[in-house]
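For reference, the structure is listed below as structure tokens.
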Amino acid sequence: HTAQVDIPAAGGIVFDSQRRLLLIRRGRAPGAGLWSVPGGKCEPGEMPEAACIRELLEETGVVVRIVRRAGQVIRPAPGGDRFVIDDFVCAPLPRVADQQPAVTSEAPRSGTPAPDRPAAGGSVRGGGGSSGTQAEIRRRWQEDGQRPVAGDDADDAGWFTAAEMSQLRLVPGLAETLAGWNLLPD
């Protein structure tokens, strides 16, 4: 075709309670093998906010709510077209009640995830067992209880600090755009 087509898309900028950023490694072109925020094309008639929530779930398994619009970027698409990507700051939603750990001074029952589980970056979060108040343990579980699991066209997914992110091969313009929006991880 001769006319350039704008392809509507959406992306999600999601932080956990430690202000680590949720990133996926792209499994397909464009940017196969590079790390990016989760996102993708809007379905016909789909609003960008809905596409953002859907893509986050498909690519990471993380359920979110939109907090605010971060901005818009334009990226090249195959065939000379371009992606017009609306990016949104999102917050992970709490886990459903039956998946929350029992908050007691005892060790968790088998099959119940502990609040002190390894994080994607390899660290272990503190505050499990009898340390910390019940409210703190429940809040931490609700915010961090969603472990990203790569799906759809994502090869990998995880929470990353700024230092960890600096070691990744990112899609072009990601770090600069997030810096310009003051949305880099800690």
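Worth knowing before you read on, the calculation uses all heavy atoms, side chains too, and leaves out hydrogens, waters and symmetry mates.
Proximity of Leu23 to Met165: side-chain heavy atoms (C-beta onward) are separated by under 4.5 Å at one or more points. At least one side-chain heavy atom of Arg82 sits under 4.5 Å from a side-chain heavy atom of Gln4. Using a 4.5 Å cut-off on side-chain heavy atoms (C-beta onward), Pro38 and Thr60 make contact. In this structure, Val14 and Leu56 have side chains that are in contact, with non-hydrogen atoms separated by less than 4.5 Å. Counting only heavy atoms from C-beta outward, the side chains of Leu183 and Phe15 approach each other to under 4.5 Å. Pro8 places none of its side-chain heavy atoms less than 4.5 Å from the side chain of Pro48. Residues Pro78 and Phe83 have side chains in contact (heavy-atom distance under 4.5 Å, counting atoms from C-beta outward). No side-chain heavy atom of Arg169 sits under 4.5 Å from any side-chain heavy atom of Arg25.
To the nearest 0.5 Å, the span separating CH2 on Trp35 from CG on Asp155 amounts to 9.0 Å. To the nearest 0.5 Å, atom CG of residue Leu21 and atom CD of residue Glu164 are 11.0 Å apart. Separation of atoms OG1 (Thr161) and CG (Leu184) is listed at 11.0 Å; rounding is to 0.5 Å. Note that SG of Cys42 and CD1 of Ile7 are 11.0 Å apart. Values are rounded to the nearest 0.5 Å. To the nearest 0.5 Å, atom OG of residue Ser36 and atom CD of residue Glu59 are 8.0 Å apart.
Pairing each heavy atom of Phe88 with each of Arg69, the nearest pair is CD2-CA, 3.7 Å. In this structure, Asp87 and Trp181 approach most closely via the heavy-atom pair OD2-CH2, 3.5 Å. Nearest heavy-atom pair, Cys52 versus Gly11, reported as atom, atom and distance to 0.1 Å: SG-O, 3.5 Å. Residues Val62 and Pro92 approach most closely at CG1-CB, 4.4 Å, considering heavy atoms. Shown here for Ala163 and Ser166, the closest heavy-atom pair between the two residues is O-OG, 2.7 Å.
Grouping the Ile, Leu, Val, Met, Phe, Trp and Tyr side chains by contacts below 4.5 angstrom, directly or via other members, places Val89 apart from Met47. By the criterion of side-chain heavy atoms lying less than 4.5 angstrom apart, applied directly or through intervening Ile, Leu, Val, Met, Phe, Trp or Tyr residues, Val84 is not grouped with Ile66; the two fall into different hydrophobic clusters. Hydrophobic clustering (ILVMFWY, side-chain heavy atoms < 4.5 Å, transitive): Ile74 and Val5 are in distinct clusters.
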Can you check side-chain contact (heavy atoms from CB on, under 4.5 Å) on Ile85 and Arg75, steps first, answer last? CA-CA 8 Å; Ile85 307 165; Arg75 298 288 182 254; 3.9 Å; yes
Worked verdict on Leu57 versus Val63 for side-chain contact (heavy atoms from CB on, under 4.5 Å): CA-CA 6 Å; Leu57 182 60; Val63 179; 3.9 Å; yes
So Asp81 and Asp6, side-chain contact (heavy atoms from CB on, under 4.5 Å) or not? Walk me through it. CA-CA 6 Å; Asp81 295 332; Asp6 285 350; over 6 Å; no
Go through Glu46 and Lys41 one step at a time and tell me if the salt bridge (Lys or Arg N to Asp or Glu O under 4.0 Å) criterion holds. CA-CA 9 Å; Glu46 186 179 38; Lys41 294 185 282 190; over 6 Å; no
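With hydrogens and angles left out, the side-chain atoms of Asp86 and Gln72 include a donor and acceptor closer than 3.5 Å.
No option in Val171, Leu170, Ile24, Leu168 other than Val171 meets the side chain to side chain contact (heavy atoms under 4.5 Å, CB included) test with Leu34.
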